[in-house]
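Below is one structure; the comments refer to it alone.
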Amino acid sequence: MSIDDLSTAATSGSDTTVDAAPVDAPPVRRTRPRRTAGSLALQFLPPLILGAAIVGAWYYVSYGLLTPERRFLLRPPHEILQVGFLDWDHFSEILLALWSSTRVALIGLGISICIGFFLATIMSQTKIVERAVFPYMVMLQAIPILAIVPLIGFWWGYGTTSRIAVCVIISLFPIIVNTLFGLQSAERGMHDLFTLHHASRLTRLRKLMFPAAQPAIFAGLRISAGLSVIGAIVGDYFFGQGAVGIGQLLKRYSSRLEGEELLAAVIMSSALGVVVFLFFGWLQGVAIGKWHDSSGPND
Amino acid sequence: MTATDTTRTDSLAFNGIGMTFPDGTEAIREASFSVARGEFVTIVGPSGCGKSTLLKIASGLLEPTAGTVTVDRERLGYVFQDATLLPWRNVLGNVELLAELHGIDKTERRRLALEAIDMVGLTSFQGHYPRSLSGGMKMRASLARTLTLKPPVFLFDEPFGAVDEITREHLNDETQRLFQTEGFAGLFITHSIAEAVFMSTRVLVMSARPGRIVAEFDVPFDYPRHPELRFDPEFAALCGEVSKELRGSHQ
Ligand SMILES: Nc1ncnc2c1ncn2[C@@H]1O[C@H](COP(=O)(O)OP(=O)(O)OP(=O)(O)O)[C@@H](O)[C@H]1O
Ligand SMILES: [Mg+2]
């Protein structure tokens with residue numbers, strides 16, 4: 001999901017600078033499961049079949065293509081399961097690291113949300129601020145995180161603070177862009193209505209712009225939540241002091257050629273990404289599902 | 001033909017209104033007319049002749065480049081061409097909005113909203129969100145929203161343009177009934193001549209851009225007007241005259 005979402009975020013970002021271009025919120029669609037057996041089967045059967053095919057192909061590569069000496073390159077699935085998941089020593093190690101990275105991701109995301117909402121709100125109120133700030137936001141977003149790793153290390157050390165910084169840098173942009181786009185998405189006619197009835201700036205923001213921004217805000221949150229998980233892992237990879245996170249674990253496993261644990265850790269971190277993504281999808285449904293179509297049932 | 005009686009008290013008066021947009025488009029030229037309390041005036045005119053612009057000027061959303069408007073803007077009712085309901089509020093919430101913006105307290109605005117919703121016949125839909133309303137229902141909700149203000153002056157910008165003929169006739173009946181009970185000064189815009197004649201005390205014909213008032217017809221029928229009026233030969237004859245004038249204004 002990350003690559004697609006990143007590019008969507010980047011596109012909608014540059015479009016917003018061009019002004020008025022009606023960029024729809026990034027196309028995050030959610031299908032609400034229907035309760036009939038037939039449609040349940042229709043929903044779950046295709047991914048299950050594809051999953052089975054992938055596992056089959058995996059076995060074929062492990063046993064059919066790789067000679068026993070070279071099998072360490074791709075261990076068969078059941079060995080991953082045994083060594084990575086069913087061996088409690090290994091699995092608890094992965095879970096602990098996952099928890100540490102989750103905390104970093106959540107703190108980073110929280111900071112991004114605060115900064116992002118604040119900046120987007122100010123930018124929505126004053127065109128000049130938007131013009132001034134936006135280019136730098138795009139620049140920030142374009143910096144490869146690798147390039148500023150040494151700097152981050154100098155500034156904030158090699159522990160948790162720097163990991164959080166990486167998270168924030170990675171996840172801030174989609175929140176700002178989507179929130180700003182959302183705040184600007186209220187229709188002209190609705191603004192006219194508020195103008196006609198002498199609504200104050202604050203009233204307009206509270207009763208018109210913020211509610212109208214919600215769908216876009218949620219789209220941004222889902223992207224940023226995924227990115228902050230990636231940010232936590234990447235940050236952990238570079239800044240390993242203190243509690244061991246998933247990034248450190250991945251580094252350790254790969255240096256020791258522990259393929260089973262490595263793959264188990266990868267699977268668990270992607271599971272974390274999925275959980276976060278689903279959580280915000282659920283939250284979106286609860287918050288705006290009643291009136292906004294993207295979270296309603298779509299066939 | 002556009003002469004107005006000076007003895008009455010006008011709720012809304014346009015004096016020599018001209019509007020030229022910054023890009024050089026001259027939308028309106030020398031429009032002068034007025035609407036008194038208890039009058040329902042409808043403007044018909046070709047598309048793009050400046051009718052919406054005229055209402056925007058009346059409401060203060062646009063400043064005219066010439067002339068003046070006299071109107072009390074404190075409680076001005078303005079029904080837009082689109083329903084412009086807030087999608088995140090249900091019908092009740094939407095209808096309460098204007099009272100809310102005017103700082104009316106909660107119980108009072110709830111009462112006003114329920115009353116207005118009842119007037120437009122949406123009581124059983126008050127909990128529905130706009131996405132589950134038909135076009136006609138949305139317009140009703142929009143109408144109800146404006147009714148909560150009990151506006152002495154009511155502007156309608158082609159509110160029923162997007163609904164089917166039968167629904168439109170229903171809405172015309174209702175609007176005409178509301179005009180009777182509420183007694184506001186109404187300025188209504190439409191493309192439909194039948195709609196204009198059916199509801200109004202007076203019909204004005206506007207020319208193609210730059211818009212000017214080129215003809216004025218008094219509509220003699222008594223209120224309340226019944227749906228059968230539409231089949232009356234006199235009604236048809238008047239519609240014919242307006243239509244002829246409108247055709248002329250197109251050239
Ligand atoms: N902001 C603007 N800048 C430039 N020209 C404009 C602007 N708004 C309207 N116009 C022009 O002014 C003219 C009148 O527009 P207006 O919307 O008042 O027409 P209308 O009579 O309401 O048409 P319709 O019946 O199609 O709604 C049109 O030619 C339109 O292109
Ligand atoms: Mg118009």
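So you know, we letter chains A, B, ... as the sequences are listed, proteins then strands, and number each from 1.
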Original post:
Between A/A186 and chain B, which part of the residue has a heavy atom less than 4.5 Å away: side chain, backbone, both or neither?
Top reply: neither
Subject >> NZ/NE/NH1/NH2 to OD/OE distance under 4.0 Å, B/R110 and B/E96 >> reply: yes
**OP:** For residues A/I217 and A/N178, determine if any side-chain heavy atom of one lies less than 4.5 Å from a side-chain heavy atom of the other.
**Re:** no
**OP:** Quick one: list whatever passes side-chain contact (heavy atoms from CB on, under 4.5 Å) with B/D164, sequence neighbours left out.
**Re:** B/I166, B/T167
**OP:** List the steps and the verdict of ring-ring contact (aromatic ring centres under 6.0 Å, His included) for A/F134 and A/Y136.
**Re:** CA-CA 5 Å; A/F134 213 90; A/Y136 296 100; over 10 Å; no
**OP:** Identify the residue among A/Q214, A/H292, A/R222 that makes a side chain to side chain donor-acceptor pair (under 3.5 Å) with A/Q284.
**Re:** A/R222
Original post:
Do the non-hydrogen side-chain atoms of B/R168 and B/S192 ever get within less than 4.5 Å of each other?
Top reply: yes
**OP:** Answer with side chain, backbone, both or neither: which region of B/L97 has an atom nearer than 4.5 Å to a non-hydrogen atom of chain A?
**Re:** side chain
**OP:** Assign the ring pair A/F210 / A/F117 to parallel, tilted or perpendicular, where the plane angle (0 to 90°) is split at 30° and 60°.
**Re:** tilted
Original post:
Side chain, backbone, both or neither: which part of B/L101 has an atom under 4.5 Å from a heavy atom of chain A?
Top reply: both
Original post:
Does anything in residues 145-158 of chain B get under 4.5 Å of chain A by heavy atoms, and if so which residues?
Top reply: B/R145, B/L149
**OP:** Against chain B, work out which of A/L193, A/L208, A/D192 has the most heavy-atom pairs shorter than 4.5 Å and name it.
**Re:** A/L193
Original post:
Can B/E100 and B/R89 be counted as an ion pair, charged N to O under 4.0 angstrom?
Top reply: yes
